[in-house]
A.B. asks: 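I have a structure I would like to understand better, so I am pasting it below and will then ask my questions one at a time.
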Amino acid sequence: MTQMSLPFESRYWPLRAYYDVYYRSIEETETFWAEQARQLEWFKTWDKTLEWDPPFARWFVGGQLNAAYICVDKHAQSWRRSKVAIYWEGEPGDTRTLSYSTLYREVKRFASVLQDLGVGKGDRVALYLPMIPELAVFMLACARIGAIHTVIFSGFSARALADRINDTQAKLLVTADGGFRGGKTLPLKEIADEAVAMSPSVEKVIVVKRTGGAVNIRPPRDHWLHDLLAQTSDLSAPEPIDSNHPLYILYTSGTTGKPKGIVHSTGGYLVHNYCAYKWVFDIREESVYWCSADVGWVTGHSSIVYAPLAHGATIVLYEGAPDYPAVDRWWDIIEKYGVTIFYTSPTAIRMFMKYGEEGPRKHDLRSLELLGSVGEPINPEAWLWYYKNIGGERCPIVDTWWQTETGGIMISPTPGIGCIPLKPGSAAMPLPGVDVAVVDEKGGEVPSEERGQLVIRKPWPGMLQGIWGNPQRYREAYWSRFPGMYYTGDYAIKDKDGYFWILGRADEVLKVAGHRLGTAELEDAAVSYPLLAEAAVVGRADPIKGESIVIFVIPKEGVSPSSDLKKGLIEHMRQTVGPIATPDEVYFVAKLPKTRSGKVMRRVLKAVAENASVGDLTTLEDEASVEEVMRSYRELGPQRV
Ligand code: WT7
């Protein structure tokens, strides 16, 4: 492991190794990525490295490969066949260990089950599962036959699940009888049944037995996985898949109500992630790698499944809540499996900071060599706590900036390339081949140390191919704000040493405990509650979750504010989106502050929610409405939910 030089404030930084690679990669980007791509196994080499028809990029055109072959078959056919691929730990304490040869057998059998049910290349398969090995196995089984998976986070509601199924027109849904989380069971099959009733495209449902709880199996639509496995033939060979065939669709929130189905390619996506894991995590044969994210997010796709397995690494997968049955559960897992690389979110770190140092102190964490952070800005206090209490002041922390859309890590320290000094709170430098900049409203680069919008100036291999079924929205959301540049939606500063500091979202998207939620999506959910006329959502700074949801609502004519109304609304939002959409505070108001053109002034609401000064109100249509919001705020006082 490369030792990073500390302290953080040195004037003479040994950045040579990184700069040597980086500058060449930016001068000859295509040649650089083509060299990297040769490290993967291709069934057919590409004819053209990049076809760039802005804003649509196609990488390694004409090339053929198979993601499951790269992540599984290849290792199972080498000495790694007996190496552990997955250490799985269930929340109740049950465990399973899958070697690469076991994983290979499972992926093949699951793939042939998919084929038995008539799933083929290009078909969409919805996966609504807890964090059990079957989730990764189904993803790889889809990849093996060229079916496109769409994983839906198991915390989403029936409505959210149905919306995603309908958008992809998936014909198969895979779910489980339930999953364990925080000592409770999630009734996944029940939720799935409710969703399928709203999703006419679904022809078959596969049910994995996890909790053993009673569920309703309705033939001929529903099948237990174990019954299908018992009948299948296990003959499938990996299909050669075009580099630009979609590997998966993953939904994320944007600035309008409807979530976007982000489409990722096979070849470019794998090349990007393969490289990122070498550069950022310095992933090696003997690494035991644990990413605590849920597979339902992009971190789970790239950082739990595709990147580590492409390297033939050993991963840890944990099903349950971080603090169940006790607050030292994670540290217990690190000690038990000898985890060497641990990757988590700032929200989790801040939660453990609150629990105190006792938890980690009870465990021997000396196996750890490298720590990572992802999903939201990490404040220096949390960084230092993590560095000291988890990393024992020994382990560098890689703060990795990326997005569902970027497919892989874009900005991060790269210990796998060479040592660079770390600055707590900064994601450091762009990865080789990644051209990022901080620009002003007109798209011109701002001077160092000044805040601006973070953009990406060149296509990169892991880049999204588009939004499923909506090329126009893809253009508008990412490529219209700054012509020729990808708009990230984040504010950033590049300091005088060239380090990037990501400051958070610049658009109407919240980051609540690292989860991305659109204000419009939450407002749509709120106003679908029949007793409400209008709603506006803002994020309020939260010491643990980064941001929390504050909602201002106007009840319908004749409906008066009450605690029952509030309870009803909260329950409705949980039902419509999922528990991650639970508002932290609800304010009843008679009016919302609006500009002359009728747009809600979020800045005012945010100031009210944070009890700060409101600032310039000259563009407001009706200043009285601000006064009113302020008054109702004072009168009602903070109503914690
Ligand atoms: C947004 C993307 C990438 C996997 C998980 C999130 C924020 C992400 C960082 C970081 C500061 C970060 C940004 C970004 N973000 N990583 N290291 N420092 N902010 O994926 O749900 O698509 O969210 O997360 O705001 O735009 P996502």
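When a ligand or atom number is given, it counts from 1 through the structure's own listing order.
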A.B. asks: Pull out every atom of ligand 1 sitting under 4.0 Å from any heavy atom of Thr400, numbered as shown with elements.
C.D. replies: 9 (C), 10 (C), 16 (N), 17 (N)
A.B. asks: Please report whether ligand 1 has a polar contact with Ser373, defined as an N or O pair separated by less than 3.5 Å (distance criterion only).
C.D. replies: no
A.B. asks: For ligand 1, which atoms sit closer than 4.0 Å to a heavy atom of Val374?
C.D. replies: 3 (C), 4 (C)
A.B. asks: For ligand 1, which part of Pro377 has a heavy atom less than 4.0 Å away: the side chain, the backbone, both, or neither?
C.D. replies: both
A.B. asks: Do NZ/NE/NH1/NH2 and the carboxylate oxygens of Arg516 and Glu521 come within less than 4.0 Å?
C.D. replies: no
A.B. asks: I want to confirm something. Looking only at heavy atoms, which of Glu376, Gln403, His301 is nearest to atom 19 (N) of ligand 1?
C.D. replies: Glu376
A.B. asks: Do any nitrogen or oxygen atoms of Thr404 come within less than 3.5 Å of a nitrogen or oxygen of ligand 1?
C.D. replies: yes
A.B. asks: Run the ring-centre check on Tyr277 versus His311 and record whether the distance is less than 6.0 Å.
C.D. replies: no
A.B. asks: Taking 4.0 angstrom as the limit and counting only heavy atoms of Ile502, give me the atoms of ligand 1 inside it, by number and element.
C.D. replies: 11 (C), 19 (N)
A.B. asks: Who's the nearest protein heavy-atom neighbour of atom 25 (O) of ligand 1, and how far?
C.D. replies: Asp490 OD1, 2.7 Å
A.B. asks: Which of the numbered atoms in ligand 1 are under 4.0 angstrom from any heavy atom belonging to Arg516?
C.D. replies: 2 (C), 21 (O), 22 (O), 23 (O), 27 (P)
A.B. asks: Which ligand 1 atoms does Val298 reach within 4.0 Å, using its non-hydrogen atoms?
C.D. replies: 4 (C)
A.B. asks: Do the charged groups of Arg505 and Asp507 touch, with an N to O distance under 4.0 Å?
C.D. replies: yes
A.B. asks: Do me a favour and list the nearest non-hydrogen protein atom to atom 21 (O) of ligand 1 with residue, atom name and distance?
C.D. replies: Lys511 NZ, 3.3 Å
A.B. asks: Considering both backbone and side-chain atoms of Thr299, is one of its nitrogen or oxygen atoms within less than 3.5 Å of a nitrogen or oxygen in ligand 1?
C.D. replies: no
A.B. asks: Does at least one non-hydrogen atom of Trp402 fall below 4.0 angstrom from an atom of ligand 1?
C.D. replies: yes
A.B. asks: May I ask whether Gly375 has any heavy atom positioned less than 4.0 angstrom from an atom of ligand 1?
C.D. replies: yes
A.B. asks: Name all residues meeting the ring-ring contact (aromatic ring centres under 6.0 Å, His included) criterion together with Trp401; count only those two or more places apart in sequence or in a different chain, and write none if there are none.
C.D. replies: none
A.B. asks: Are a donor atom and an acceptor atom from the side chains of Arg574 and Thr582 found within less than 3.5 Å of each other?
C.D. replies: yes
A.B. asks: Which ligand 1 atoms does Asp399 reach within 4.0 Å, using its non-hydrogen atoms?
C.D. replies: 10 (C), 17 (N), 18 (N)
